[in-house]
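Structure, as structure tokens:
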Amino acid sequence: MSLFAELGRQAHASPHGAVSFWFAHYLCVAISDPVSASVVLRSSFDKWPITHFMRHLLGNGAVFGDEEIWRLRRKILNPIFSSKYHDNYVQVFERNNKIFMQELARAAGKGDFSMWGYFSSYAMDSAFDMSFGENLNAQRHPNHPFAVAFLDYFEECGVRICQPWLFSAAVYDLLPAGARQERRRRLMWDVVENLIHKKKQESKKRNEQNVVHVNTNIRSGEFKSFLDLLIEYSGGDAGYTDTELREELLMIILGATDTSATSACFAAVLLANHPPVQDKVYEEIQNMLGGSERPVSLADLASLKYLDAVVREAMRLYPPVPVFLRRCTKAVDLPSDITLPEGCEVMLNIWGIHRNPRHWGADADEFRPERFLSADAHQLAAFMPFGHGPRSCTGMRLALASLKLSLAEITRRYRLLPAAGYRYSAAEPLRVSFELLLKHVHDFKVQLEHRA
Ligand code: HEM
């Protein structure tokens with residue numbers, strides 16, 4: 001992670017906001033200027049070839065697919081993630097949040113513990129539920145084979161991406177790690193393919209009987225899972241094949257799970273270490289609920305402006321995806337008068353952009369949520385944890401809703417405290433590492449104290 005921070009510092013000092021460096025045998029350009037980053041993100045859509053090893057599990061799933069395939073897949077994803085279906089999915093978060101709170105209650109008042117397992121199971125259950133309309137129940141059964149295979153698979157990918165000599169599949173597949181990945185992939189594919197098969201059978205039966213489907217899994221209305229919508233928007237029986245459906249669904253589950261858990265965990269650790277900020281969040285929630293014990297709902301989120309600022313500030317300082325890797329498929333002219341040639345590997349250094357003092361001021365490294373209450377257009381354009389342009393995250397609105405719902409429920413019940421012996425200060429910022437996503441070296445440890 002220190003590499004990205006150093007590249008960021010060097011780029012901030014350069015008039016172009018960019019520096020070149022070697023990564024394995026690639027000569028790359030790292031950009032920490034938001035305006036140049038936005039030009040690249042709007043014009044170059046292929047990812048670095050080193051990310052191709054993710055295709056072992058995800059195939060041509062939108063996130064790692066080359067531009068040609070990605071464009072076709074994205075056309076189907078866009079309507080599925082439109083605001084039309086937002087409420088449909090948020091019901092899933094509300095439901096899984098209840099289980100989350102029941103599970104978390106077991107850790108409260110018992111000293112240090114890691115938030116990671118709780119947030120990641122909540123995110124996994126929500127992603128699975130949205131994808132299939134089925135409850136994986138990893139929150140109550142963290143040893144569920146799918147959940148274990150998924151987490152272990154991506155942990156191993158995190159190790160691989162930091163070791164360039166493991167990039168080649170010809171070598172990796174012969175190693176014990178390659179064999180383990182193969183077993184995990186098989187298990188996940190089987191689970192997903194069985195669910196696709198089951199869904200298609202059910203829908204065939206319904207069509208034969210001409211029955212209107214109401215999914216009783218969800219409180220109100222007809223729930224449509226990502227699987228339902230992918231089938232519908234890709235053209236029904238003539239649409240996506242089972243392989244294409246599996247690729248897209250696994251890609252959505254990947255996109256939704258660890259990213260959301262990482263963001264929520266960083267926000268929780270920052271709240272634990274900044275009591276005055278936490279007090280303001282608590283006050284805001286109490287003022288809104290006015291003493292009621294009802295759960296926080298989607299409709300409430302619009303009133304929780306300070307909580308929104310806290311979530312954004314946590315993602316600014318600790319973006320779960322700290323770098324995006326793009327390859328220029330044509331020459332790109334940057335505003336600073338330099339041209340990136342065709343084939344150039346570009347690292348969009350989000351960590352560096354989010355801490356660029358030109359945009360965020362001299363206190364860019366400090367946790368100060370208030371800056372988002374008065375952020376100007378330049379600052380908002382320099383905030384890109386979800387990417388930017390046509391290939392940015394489709395799930396941004398859902399992710400923010402999920403984060404705020406869970407953090408609001410935690411803060412109203414508990415006072416978050418730093419783990420014993422570990423307190424964050426401006427002089428000693430959170431120590432982080434890079435393993436596919438950003439990670440906290442101290443494993444997101446906090447304590448929870450019941451509020452009176
Ligand atoms: C805090 C949580 C999240 C963060 C920080 C995040 C961040 C990102 C980033 C950085 C990208 C890649 C952008 C790029 O390459 O330029 C991405 C792509 C994607 N994300 Fe998210 N994401 C989050 C949650 C979600 C959720 C909840 C979903 C779905 C339910 C989702 C679905 C996707 C998909 C489908 C893509 C691929 C987009 C494409 O290549 O066209 N993400 N996300």
Side-chain angles (χ1 to χ4, degrees), residues 31 37-38 40-48 51 54-55 58 60-82 85-86 88-90 92-93 96 119-120 122-132 225-227 229-230 247-268 308 311-312 314-327 346-351 353-354 383-407 436-438:
I31 295 182
S38 120
V40 174
L41 289 170
R42 294 193 156 277
S43 58
S44 306
F45 303 108
D46 277 358
K47 309 236 165 158
W48 284 15
T51 62
M54 300 294 287
R55 293 185 187 169
L58 303 174
N60 285 315
V63 77
F64 293 107
D66 280 340
E67 180 175 355
E68 207 180 325
I69 296 179
W70 161 73
R71 280 196 185 279
L72 299 171
R73 301 270 175 113
R74 182 75 190 217
K75 263 195 200 143
I76 313 286
L77 284 178
N78 281 341
I80 292 175
F81 280 90
S82 69
Y85 294 112
H86 191 66
N88 177 54
Y89 306 129
V90 172
V92 170
F93 295 132
N96 283 293
F119 270 120
S120 96
Y122 161 66
M124 164 86 68
D125 276 351
S126 305
F128 200 89
D129 209 338
M130 285 190 291
S131 297
F132 303 105
S225 66
F226 288 129
L227 174 54
L229 293 167
L230 284 167
E247 289 175 351
E248 291 301 283
L249 289 160
L250 276 170
M251 184 273 303
I252 290 173
I253 296 174
L254 165 69
T257 302
D258 279 10
T259 47
S260 303
T262 303
S263 312
C265 282
F266 274 118
D308 182 73
V311 166
R312 286 173 200 269
M315 294 181 84
R316 181 186 71 82
L317 282 176
Y318 300 101
V321 189
V323 291
F324 309 157
L325 308 174
R326 291 290 165 85
R327 163 174 274 195
V346 189
M347 175 192 280
L348 291 315
N349 187 349
I350 304 307
W351 174 278
I353 291 172
H354 283 184
F383 177 65
M384 40 180 84
F386 295 98
H388 175 81
R391 201 161 188 176
S392 62
C393 178
T394 52
M396 180 177 92
R397 273 160 43 91
L398 290 176
L400 289 171
S402 149
L403 288 174
K404 288 187 268 181
L405 282 173
S406 55
L407 288 168
L436 214 56
L437 297 181
L438 203 62

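Note that the structure is predicted; figures quoted are calculated from it, not measured. Atoms within a ligand are numbered from 1 in the order they appear, just like the ligands themselves.
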Atom CE in M384, atom CZ in F324: separation rounded to 0.5 Å? 8.0 Å
In terms of the angle between their ring planes, are H354 and F383 parallel, tilted or perpendicular, with boundaries placed at 30° and 60°? parallel
When you pair each N or O of ligand 1 with protein N or O atoms, which pairs come out under 3.5 Å?
from: ligand 1; atom 1: 15 (O); to: K47; atom 2: NZ; distance (Å): 2.7
from: ligand 1; atom 1: 15 (O); to: R326; atom 2: NH2; distance (Å): 2.9
from: ligand 1; atom 1: 16 (O); to: R326; atom 2: NH2; distance (Å): 2.5
from: ligand 1; atom 1: 40 (O); to: R391; atom 2: NE; distance (Å): 3.1
from: ligand 1; atom 1: 41 (O); to: W70; atom 2: NE1; distance (Å): 2.7
from: ligand 1; atom 1: 41 (O); to: R74; atom 2: NH1; distance (Å): 2.7
from: ligand 1; atom 1: 42 (N); to: G255; atom 2: O; distance (Å): 3.3

Find the distance between CE (M130) and CD1 (I80) and round it off to the nearest 0.5 Å. 12.5 Å
Among residues at least two apart in sequence or on other chains, which ones pass side chain to side chain donor-acceptor pair (under 3.5 Å) with R326? none
Please output the side-chain donor-acceptor pairs of residues 251-260 that fall under 3.5 Å, not counting sequence neighbours, one pair per line with the distance.
from: T257; atom 1: OG1; to: I253; atom 2: O; distance (Å): 2.7
from: T259; atom 1: OG1; to: G255; atom 2: O; distance (Å): 2.5
from: S260; atom 1: OG; to: A256; atom 2: O; distance (Å): 2.7

By side chain to side chain contact (heavy atoms under 4.5 Å, CB included) - contacts of L72 (at least two apart): none
